[in-house]
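Here is the naming used below: chain letters follow the sequence lines, and residue numbers restart at 1 for every chain.
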Protein chains: 2
Amino acid sequence: MDTTAPAEPDGTASSLGRSGESARNRVTRALREKLIIGRIQPGRGMTLRGLAAELGVSPMPVREAIQGLAAERALDLSPSGRICVPRLDQRRIGEILDARALLEPRAAELAAPHIDRDCARQLARIDDDIDRSLLDGDVERYLRLNHDFHFTIYRRSQSDVFLPLIETLWLRFGPFMRMIYGRVGTTGLVDHHKRAIAAAERGQARELSEAIRLDIHEGMQLIAEALKDQDAAGAGGPLPVRRRRAV
Amino acid sequence: MDTTAPAEPDGTASSLGRSGESARNRVTRALREKLIIGRIQPGRGMTLRGLAAELGVSPMPVREAIQGLAAERALDLSPSGRICVPRLDQRRIGEILDARALLEPRAAELAAPHIDRDCARQLARIDDDIDRSLLDGDVERYLRLNHDFHFTIYRRSQSDVFLPLIETLWLRFGPFMRMIYGRVGTTGLVDHHKRAIAAAERGQARELSEAIRLDIHEGMQLIAEALKDQDAAGAGGPLPVRRRRAV
DNA sequence: TGACCGCAAATGTGATCACAAAATGGCCAG
DNA sequence: CTGGCCATTTTGTGATCACATTTGCGGTCA
């Protein structure tokens, strides 16, 4: 991904690119990106006007974007209308991984026939970058690349049924990604990636599917361990709206 | 479901109940209902102001509701912003059923332990109504009851992961439901329901799961046949906005 | 007769406003 | 110092407005 987000240190990004696109889509993309790479903490509250100011638009496109994310359950609208990132308990996290383990191998299987040599090489390149990111301890980069790796495969399925379903799951899980990062280290998780790449190169659908399944199941174990310690993930206080400093 | 929609003959319903709830939610529910029971044709266009007038609200809550549905891909926003019900080709319909066959049996399996005697009796009652609806040839009632049957089970899974995913799939598939209705007749499709009920009564998770799987697969075959004749389902003209008669 | 062009109506988008409900923070009583 | 109460501020909701774009129709010309 060459058009990386502006990524100001504190997360504020006022000039989100592509002026030709609707403000709503830009806001949506900005929020999705933040959620996917876990830049927003579970339970974190946000406000229409706050986001609008932060992104340099009026509250209107934000409202629409929020509704979209809320429909995917990537955001939670309290009965009083307050917006926040959902807190998932251990059971729901398990269910997300369960659903992922059902959908993603199938998507990979559908994708396999459409993965050409270029795509396989791209996967290898991403995976190399992943290794580098792990060595450097660059969490965000790792999370972003891991997402890229998986969706570079799934996108090849050309399925606008499986792809959105899987995206929704990643979106909901994103805020908890950082929780497991500490567990990753240089364990065998990348080996599944290597195995997936090998299968992709040879167009072996079932083998690719199986590699993906194992990758997810390994993630499930890591999560389970992480949750054993820190139960009720992010179950702290209300974790309200992060106030913005006056300009 | 006792609070059935007003259901004026031509589909217009101005006073959608529950004044205590936000207009947005009422609009969303009205549209979801219409989509689920296939009251809106694939390819049908709609307008913000049109829906607003039809539902007796300002365009504002409609805008938000539309964004939510669009995020679920239950509605399609053309690049120029036009709103319409997506047209799904044969392949996408197959993928939806494929995804359903992966998710719904699992949801049923999760639900099984929580299905008590009351629930099982409710299922039997719904299935009886389904039989009656089929005999009467009441399409809408059949579609609504079939939806109720499945979700009476899935809801017991208490999974706000699987449930929304499955709902999205039904929502996208809803507009094509009528297409297959003609094929249903009094074939063995209900037998899977009966089998599911028997499993539900005894709390047999795997058996319930299998019955659901078979039910979906039988639906898949019916769809496949229906599509063999009428390919590119609803591939006619632009099928624009249905104009409302002046009041 | 048919294609092309141009105008008028309609549509989505974004912004702003008013309002009721809710949350926040400070104040006072115990 | 603590707990509850009240006023202020904040927040989402719904409505309305202005505008650029697009759509659709009707007329014109070949």
Measuring from the side chain of [X] (C-beta onward, heavy atoms only), which nucleotide among [options] has the closest atom?
X     : options                : result
B/E64 : C/dA22, C/dA15, D/dT13 : D/dT13
A/P61 : D/dA15, C/dG14, D/dT16 : C/dG14
A/V57 : C/dA15, D/dG12, C/dT11 : C/dA15
B/S80 : D/dT23, D/dT13, C/dT13 : D/dT23
B/R82 : D/dG14, D/dT22, C/dT13 : D/dT22

Exercise. Parallel, tilted or perpendicular for A/W170 and A/H150, by the 30°/60° rule?
Worked result: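 Tilted.
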For this session: Indicate the ring-plane relationship of B/Y154 and B/F151, choosing parallel, tilted or perpendicular according to the 30° and 60° boundaries.
Result: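 Plane angle over 60°, so perpendicular.
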Measure from [atom1] on [X] to [atom2] on [N] and round the result to the nearest Å.
X     : N      : atom1 : atom2 : result
A/E21 : D/dT21 : CD    : C1'   : 16 Å
A/L48 : C/dA22 : CG    : P     : 17 Å
B/Q67 : D/dT13 : CD    : P     : 14 Å
B/R24 : D/dA15 : CZ    : P     : 12 Å

For this session: Can you see which heavy atom on B/A107 is nearest to which on B/S157, and at what distance?
Result: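 Closest pair (atom of B/A107, atom of B/S157, distance): O-CB, 3.5 Å.
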Exercise. Closer to the 5' end of DNA chain C via nearest nucleotide, is it A/M60 or B/L77?
Worked result: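 By nearest-heavy-atom nucleotide position, the 5'-most residue is B/L77.
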Problem set entry | 5' precedence on DNA chain C between B/G81 and A/S58 (nearest-nucleotide basis) |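 Here B/G81 is the residue nearer the 5' end.
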Problem set entry | DNA chain C: stems of at least 3 consecutive Watson-Crick or G-U pairs whose donor-acceptor distances fall under 3.5 Å |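 Correct response: C:1-30 with D:1-30.
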Problem set entry | Sequence-distant partners of B/N25, side-chain hydrogen bond (donor to acceptor under 3.5 Å, both in side chains), two or more places apart |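 If we apply the side-chain hydrogen bond (donor to acceptor under 3.5 Å, both in side chains) test to B/N25, skipping adjacent residues, the hits are B/S22.
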Just checking [X]: base, sugar-phosphate only, or nothing, at a heavy-atom cut-off of under 4.0 Å?
X     : value
B/I83 : sugar-phosphate
A/R49 : base
B/R63 : base

Problem set entry | Comparing B/S78 and B/P59 on DNA chain D - which has the more 5′ nearest nucleotide |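 First, find each residue's nearest nucleotide; the 5'-ward one identifies B/P59.
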Problem set entry | Backbone N/O of A/T152 and side chain of A/R156: donor-acceptor pair under 3.5 Å |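 At least one qualifying donor-acceptor pair exists.
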Exercise. For A/G38, does its backbone N or O pair with a side-chain atom of A/R178 as donor and acceptor, under 3.5 Å?
Worked result: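 Looks like yes, one N/O pair under 3.5 Å.
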Exercise. Looking at A/V27, A/V57, A/I66, which one forms a side-chain contact (heavy atoms from CB on, under 4.5 Å) with A/L51?
Worked result: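 That would be A/I66; it is the only one of A/V27, A/V57, A/I66 passing the side-chain contact (heavy atoms from CB on, under 4.5 Å) with A/L51.
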Exercise. Within the structure, does a side-chain N or O atom of A/T47 lie under 4.0 Å from either OP1 or OP2 of D/dT10?
Worked result: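 The answer is no; no side-chain N or O of A/T47 sits under 4.0 Å from OP1 or OP2.
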